[in-house]
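Input: a single structure, listed below in structure tokens.
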Amino acid sequence: MSNTTTKTPGLAFSHSNAPSNTFTPTVSTNTRSDADANAYLYPHHPPAVAKSLIDTAQALVHPRGKGIYATDETTDGIETRLAAAEGIVGKLYSDAEKRERRRRFRQCLYESLPTNYISGVILHQETLLDFQLGPVLSNRGIIPGVRADTDAHPLPISPVEPATQGLDELLPRLKAAAQTGARFSKWRAPILCNSSIIPTHAALEAQAESLARFAAISQQVGLVPIVEPDVDFAEDADLKRSVEVHVKIISMIYARCAAYGVLLEGSLIKPSFPQPGLKHPSRATMSVEAIGLATATVLARSVPVSVAGVVFLSGGLSDSDSVAYLNAVNTIVNRPPVGYPLCLSRLPPLSFSFGRGLQGDAMQRWVRGDETGAKVAFEERAKACFLAARGEA
């Protein structure tokens with residue numbers, strides 16, 4: 001009696017006659033292993049594209065501690081910050097002078113970013129497409145990315161809440177960014193939060209839907225998407241309410257990502273830290289340890305294990321608080337409290353995607369003409385963030 005076992009032929013993927021973002025299954029005479037990394041890809045993810053997405057996502061958060069420098073402020077936003085750093089009321093620049101000042105500030109730091117601590121940079125469309133500064137980063141081994149969202153508009157059913165725009169013409173915009181060297185993209189969705197009825201379910205649904213559609217379109221172009229649910233802390237929510245809202249919006253985002261077939265292994269999330277609102281009495285006395293535990297709880301409850309990494313935002317926080325919160329959550333992941341019921345070993349690397357939290361001191365020096373001091377100040381901040389992302393600050 002023969003001991004030969006009949007095996008079902010595997011699938012080989014042919015791209016010769018397929019569109020750029022599809023693959024065609026054909027019967028192969030070669031046996032395909034059940035452990036093949038490509039065996040369970042969605043049909044719309046060609047293996048080569050999926051591998052590139054996963055490799056880029058991993059490179060943005062490894063080795064542990066490396067993080068992203070967010071330089072995606074609008075032109076008005078960066079002008080406001082430069083003017084505030086300069087501190088000269090009434091000093092006027094022409095539009096051409098402002099544009100050149102923005103370019104010079106970006107280029108000064110891009111040319112000297114510490115590659116031991118910074119893995120990638122999010123660029124504004126102007127910086128990437130008009131200033132053409134992506135190659136300055138990629139030539140140094142730093143991954144360029146691009147901001148994908150545009151302005152927000154009032155949600156019709158709840159006009160006090162914003163809904164992010166930018167899905168119209170997103171595909172050609174991201175294709176243009178990819179052709180200029182971008183390898184990842186980011187979409188911010190602000191979420192208002194108070195102690196009572198805000199955010200509304202409609203607002204959460206609108207933002208989760210836009211983030212998932214963005215992520216799917218980004219991967220269609222071959223860019224790693226970073227979804228950014230930015231929960232506001234300006235109002236009177238307590239820490240428990242903040243945790244509740246963070247868990248709800250992140251869970252909704254990934255439910256919609258599943259509906260759109262987003263490859264989570266080739267994606268990152270950029271959440272805010274759960275925290276009491278500025279108008280809540282506990283704000284002044286809340287410990288960083290409590291923030292760290294709340295943050296770990298949110299992530300363990302809502303982020304799928306397949307997501308490549310978490311890169312926190314620093315918006316609205318002081319430099320010291322952003323680093324302290326990042327260090328607190330990583331310290332808890334390193335040494336979970338005795339009896340803590342959630343498994344933290346499942347979490348991906350927890351790093352940073354800071355803007356003001358990295359460049360504030362550097363900008364103060366740069367506007368005074370001290371470029372060397374600006375570079376030194378940035379490296380000091382980047383090292384502090386790197387150590388915090390390892391729980392070693």
Side-chain angles (χ1 to χ4, degrees), residues 33-45 47 49-68 119-120 184 186-187 189 208 211-212 214-216 218-219 223-229 231 243-274 292-313 325-326 328-337 339-353 389-391:
S33 168
D34 290 338
D36 191 319
N38 296 327
Y40 306 110
L41 291 177
Y42 293 109
H44 55 280
H45 287 137
V49 175
K51 183 179 187 306
S52 175
L53 291 169
I54 293 169
D55 288 348
T56 299
Q58 290 292 322
L60 286 168
V61 291
H62 287 94
R64 184 185 178 194
K66 293 183 75 170
I68 296 170
S119 59
F184 69 98
K186 190 268 298 186
W187 180 288
L211 284 167
F214 145 73
S218 183
Q219 290 188 337
L223 301 181
V224 169
I226 301 179
V227 296
E228 181 182 353
V231 179
V243 166
E244 173 194 344
V245 170
H246 275 83
V247 169
K248 184 176 292 186
I249 182 58
I250 294 172
S251 299
M252 291 174 69
I253 290 166
Y254 286 118
R256 298 311 299 154
C257 283
Y260 283 104
V262 175
L263 182 70
L264 298 187
E265 304 94 306
S267 74
L268 303 175
I269 183 169
K270 180 176 177 176
S272 44
F273 293 100
L293 188 61
T295 305
T297 300
V298 165
L299 301 178
R301 287 178 177 172
S302 60
V303 177
V305 296
S306 50
V307 173
V310 177
V311 287
F312 291 98
L313 62 92
Y325 292 174
L326 181 61
V329 66
N330 276 285
T331 298
I332 287 171
V333 169
N334 291 345
R335 295 179 296 277
Y340 186 69
L342 298 175
C343 179
L344 301 183
S345 62
R346 63 177 286 278
L347 294 178
L350 310 181
S351 192
F352 59 91
S353 178
R390 298 169 62 89

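Pairing each heavy atom of Pro348 with each of Val310, the nearest pair is CG-CG2, 4.0 Å. Considering all non-hydrogen atoms of both residues, Pro274 and Val243 come closest at CB-CG2, 4.1 Å. Nearest approach of Ala389 to Phe352, heavy atoms of both residues: CB-CD2, 4.3 Å. Considering every non-hydrogen atom in both Leu299 and Pro271, the closest pair reads CD2-CG, 4.5 Å. When all heavy atoms of Ser251 and Ser302 are compared, the pair lying nearest together is OG-CB, 3.6 Å. Contact between Pro47 and Leu41 at its shortest, heavy atoms only, is CA-CD1, 3.7 Å.
Using a 4.5 Å cut-off on side-chain heavy atoms (C-beta onward), Ile68 and Lys186 make no contact. Looking at heavy atoms from C-beta onward, Pro229 lies in side-chain contact with Ile269 at the 4.5 angstrom threshold. Between Lys66 and Pro349, every side-chain heavy-atom pair lies at or beyond the 4.5 Å cut-off. Side-chain contact between Pro337 and Leu293 is present, with heavy atoms from C-beta onward closer than 4.5 Å.
Ring-plane geometry between Phe273 and Tyr325 is classed as perpendicular, the angle between the planes exceeding 60 degrees on a 0 to 90 degree scale with a lower cut at 30.
A distance-only check finds no donor-acceptor pair linking the side chain of Ser353 to the backbone of Phe312 [under 3.5 Å]. Formation of a donor-acceptor pair under 3.5 Å by the Ser119 side chain with backbone atoms of Leu60 is found in this model. With Ser218 contributing its side chain and Phe214 its backbone, the two residues share no donor-acceptor pair below 3.5 Å.
The line from CG of Leu53 to OG of Ser267 is 9.0 Å long, rounded to the nearest 0.5 Å. Annotation: the span from Ile332 atom CD1 to Leu350 atom CG amounts to 11.0 Å, rounded to 0.5 Å. Atoms CG and CD, on Leu268 and Gln58 in that order, are 8.5 Å from each other to the nearest 0.5 Å. One finds the CZ atom of Arg64 at 4.5 Å from the CG atom of Asn330 (value rounded to the nearest 0.5 Å). Distance check: Glu228 CD to Ser272 OG gives 8.5 Å after rounding to the nearest 0.5 Å. Summarising the geometry, atom CG belonging to Leu347 is positioned 11.0 Å from atom OG1 belonging to Thr295; distances are rounded to the nearest 0.5 Å.
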Contacts table for residues 253-266: side-chain donor-acceptor under 3.5 angstrom, sequence neighbours left out:
unit_1: Arg256; atom_1: NE; unit_2: Glu209; atom_2: OE1; d: 2.8
unit_1: Arg256; atom_1: NH2; unit_2: Glu209; atom_2: OE1; d: 3.2
unit_1: Tyr260; atom_1: OH; unit_2: Glu209; atom_2: OE2; d: 2.4

- request: Show your working on side-chain contact (heavy atoms from CB on, under 4.5 Å) between Lys51 and Asp55 and close with a plain yes or no.
  value: CA-CA 6 Å; Lys51 183 179 187 306; Asp55 288 348; 2.7 Å; yes
